[in-house]
Amino acid sequence: MMAIDDIQRRIAAAEETAGRERGSVCLLAISKLQPLERIKTVLAHGHRQFGENRVQEAAAKWPNLIAAYQDTVLHLVGPLQSNKVRQAMRLFAAIHSVDRQKLVHRIDSVAQEIGSCPRLFVQVNTGEEPQKSGVKPDELDRLVKDIRNRDLPLEGLMCIPPAHDEPALHFALLAELARRHGLTGLSMGMSGDFETAVRLGATHIRVGTAVFGDRSG
Ligand SMILES: *Cc1c(COP(=O)(O)O)cnc(C)c1O
């Protein structure tokens, strides 16, 4: 049995415990800094939802893999610079790191140009950590309004809890913020805490090392 089978089994158990519908949580296998062979093994095993945190790295390795597995769905879960937006919008089906007005404007102008737009998640800095990306909770309202005014496909919210906090508090806050804004997507939970995230309503969990093993580099 592969590690990913065990993760899927744990997700199903957490869905059941939480009284959630089976299959309501999407597992994103976060493949950053993983050897290509491991990614190919997971693809060959049938998994199709993947996440990367850097546009450059994803652009270097995924076009060939997508050519071989055309139903692959790629998600960007790391920070996005304005000058990489065009490249990111061609490669990714979803962007989980929308966190500022300038980026929204850039996404909007490229979307008008190419006639399509990835599904968007606004990253919220739930711990209000100064060095971390994401909008502060009290700035969320303004950014959500701007995205909606532009008719961009806003799906939900994303967070990365501070390393030494209880993640459940941050997941609950993110779920409450999403509810208040009428958003259904919740991108939260990683290798160490995805079951907690499922219990608190995650729709997309981002699991790297627990699927692939330790990262190089
Ligand atoms: C790397 C990464 C993950 C996966 O982390 P693991 O601890 O390996 O599961 C999830 N989300 C983001 C944004 C990441 O950069």
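Computed from a predicted model, the values in this text were never measured in an experiment. Counting starts at 1 for both ligands and their atoms, in listed order. Here, residue 1 is the first one in the sequence, and each next residue gets the next number.
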Under a 4.0 angstrom heavy-atom cut-off, which atoms of ligand 1 come close to V207? 9 (O)
For I160, the ligand 1 atoms with a heavy-atom partner under 4.0 Å come out as 13 (C)
Polar contacts were defined as any N/O atom of the residue lying under 3.5 Å from an N/O atom of the ligand; does this apply to V77 and ligand 1? no
Does the plane of the ring in H204 sit parallel, tilted or perpendicular to the ring in H75? Use 30° and 60° as the thresholds. tilted
What protein heavy atom sits nearest atom 9 (O) of ligand 1, and how far off is it? S191 OG, 2.5 Å
Do we see a donor-acceptor contact under 3.5 Å between the side chains of K84 and Q81? yes
Looking at V98, V55, N53, D99, which hits side-chain contact (heavy atoms from CB on, under 4.5 Å) with L80? V55
State which residue, out of R148, R142, R150, fulfils the side chain to side chain donor-acceptor pair (under 3.5 Å) condition with D146. R150
Check E129 with K132, please: is the shortest side-chain N to carboxylate O separation under 4.0 Å? yes
Would R215 count as a contact of ligand 1 if the rule is a heavy atom under 4.0 Å away? yes
Looking only at non-hydrogen atoms, the one of K32, R206, H96, M190 nearest atom 2 (C) of ligand 1 is K32
